[in-house]
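Heads up, the thing below is written out as structure tokens.
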Amino acid sequence: MGWEHLLGDRGSEWHEGFMAAEFDDGYRALGISGSGIPEGHLAVDQHGDGTFGQEAVRRHGGDAAFQTRPAGDVIGWRVACNCYNPGDVMPSKRWSSQRLWTRVPSPVRHDPVAFRIYAADDEILDVISGDVHNAGRAVWWDEHISDIDAEANIRAALVVIRSGEQQLDHAVLQARSKQLSWAKIGAAAQMSAQSAHERWAQRVREKSSPP
């Protein structure tokens, strides 16, 4: 279980956050289980992009066999995010936080807000619930999604502004074609006649010139 954030509908940019178990050498576990993974072991994300099996072969070569590590080797968890561009089937990039939740040996020391998590070996892939879920999502949102959201809002506002400017240009060209004075155009556009003339006179000439 993780978190999703979409910038529009499902065909647009979207982000899939999760907690990735990490080993002491920086490798992370894949969030999968099943055949090919011995009991008490975790599959290792060999390429750092979450690919495995035939998809890993297609992207990186080699063979489809998993590398595995004992679950007891996990030292902590880090928030990561698969980032999809519009139309992506596989993520185009992966983001990860610099913050590491340390694995602690006793449930008494469990405190996700203080970046400490207790989990038995058979619970490594299932830690993201309750207080861990909330703490992880907060980091994912604050460090990654909030910036993306702000950038998306700027882009959306810019689209609206440019569309409005195009509509304004078209309206002024129509007004001049009907012989409306620059004084009246300027007043409608909340500027002086001179400013209106400087902004649109060249476009009017280009529009009225024969091809």
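Owing to the predicted nature of the structure, the values given are computational and were not obtained by experimental measurement.
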* Structure fact -> Exactly one candidate in E16, M90, K93 meets side chain to side chain contact (heavy atoms under 4.5 Å, CB included) with N82; the answer is E16
* Indicate yes or no: at least one non-hydrogen side-chain atom of R58 is less than 4.5 angstrom from one of Q54. => no
* Check ion pair E165-R162 (N to O, under 4.0 angstrom) -> no
* For the residue pair W95 and H144, categorise the inter-ring angle as parallel (less than 30°), tilted (30 to 60°) or perpendicular (more than 60°). => parallel
* Do V57 and I37 share a hydrophobic cluster (ILVMFWY, side-chain heavy atoms under 4.5 Å, transitive)? -> no
* Check: D45 side chain, G48 main-chain N or O, donor-acceptor pair, under 3.5 Å -> yes
* Check: R69 and D25 side chains under 4.5 Å, non-hydrogen atoms -> yes
* If you measure from CG on D73 to CG on L42, what distance do you get to the nearest 0.5 Å? -> 9.0 Å
* Asked: Do I117 and F115 belong together in a cluster built from hydrophobic side chains that touch within less than 4.5 Å?
  -> yes
* Asked: Counting distance only, does the side-chain N/O of T68 pair as donor-acceptor with the main-chain N or O of H41 below 3.5 Å?
  -> no
* Do other residues, nucleotides or ligands put more than 12 heavy atoms under 6.0 Å from Q190 CD? -> no
* **Heavy-atom closest contact (R116 atom, W101 atom, distance)** => N-CD1, 3.9 Å
* **Nearest-0.5 Å distance that lies between atom CH2 in W200 and atom CG in D169** => 6.5 Å
* **Shared hydrophobic cluster, W182 / M191 (ILVMFWY, side-chain heavy atoms < 4.5 Å)** => yes
* **Side-chain (R176) to main-chain (L180) donor-acceptor, under 3.5 angstrom** => yes
* Rounded to the nearest 0.5 Å, what separation is found between the CG atom of L168 and the CD1 atom of I161? -> 13.0 Å
* Would you say I32 and L125 are hydrophobically clustered, going by side-chain heavy atoms of ILVMFWY under 4.5 Å? -> no
* Out of curiosity, L30 CG to T51 OG1, how far, rounded to the nearest 0.5 Å? -> 8.0 Å
* Asked: Less than 4.0 Å between a side-chain N and a carboxylate O, is that true for D142 and R137?
  -> no
* Could you tell me whether a side-chain N or O of R78 sits under 3.5 Å from a main-chain N or O of S96, the two making a donor and an acceptor? => no
* Structure fact -> Of all heavy-atom pairs linking G136 and V79, the shortest is O-CG2, 3.6 Å
* Heavy atoms, side chains only, cut-off 4.5 Å: are F23 and V44 in contact? -> yes
* **side-chain contact (heavy atoms from CB on, under 4.5 Å) between I128 and W3, worked out** => CA-CA 10 Å; I128 188 165; W3 325 281; 3.1 Å; yes
* To do: Using the test salt bridge (Lys or Arg N to Asp or Glu O under 4.0 Å), find all partners of E143 that sit at least two apart in sequence or belong to another chain.
  => none
* To do: Could you go through the side-chain contact (heavy atoms from CB on, under 4.5 Å) check for H15 and Y84 one step at a time?
  => CA-CA 6 Å; H15 298 263; Y84 297 79; over 6 Å; no
* Which atom of A120 lies closest to which atom of R103, heavy atoms considered -> C-NH2, 3.7 Å
* With rounding to the nearest 0.5 Å, note down the distance linking SG in C81 to CZ in F18. => 7.5 Å
* E22 side, atom CD; W77 side, atom CH2 - distance, nearest 0.5 Å -> 11.0 Å
* To do: Decide whether H5 and W140 meet the rule of one side-chain donor and one side-chain acceptor closer than 3.5 Å.
  => no
* Asked: What heavy-atom pair brings E123 and A119 nearest, and what distance separates the two atoms?
  -> OE1-CA, 4.0 Å
* Judged by atom type as modelled, is there a donor-acceptor pair below 3.5 Å linking the side chain of S92 to the main-chain atoms of C83? -> yes
* Asked: Excluding sequence neighbours, so at least two apart, what forms salt bridge (Lys or Arg N to Asp or Glu O under 4.0 Å) with D131?
  -> none
* ILVMFWY clustering at 4.5 Å (side-chain atoms), partners of V108 -> none
* **Result of checking D111, V132, V104 against Y118 for side chain to side chain contact (heavy atoms under 4.5 Å, CB included)** => V104
* To do: Check the hydrophobic clustering (I, L, V, M, F, W, Y; side-chain heavy atoms under 4.5 Å; chains of links allowed) and say if F52 and M19 are grouped together.
  => no
* **Whether H47 and H60 hold their rings parallel, tilted or perpendicular, with breakpoints at 30° and 60°** => parallel
* Asked: Can you name the nearest heavy-atom pair linking A135 to V113, along with the distance?
  -> CB-N, 4.4 Å
* Structure fact -> Tightest non-hydrogen contact, residues H133 and G2, listed as NE2-O, 4.2 Å
* Would one find more than 12 heavy atoms of other residues, nucleotides or ligands at under 6.0 Å from atom CD of E198? -> yes
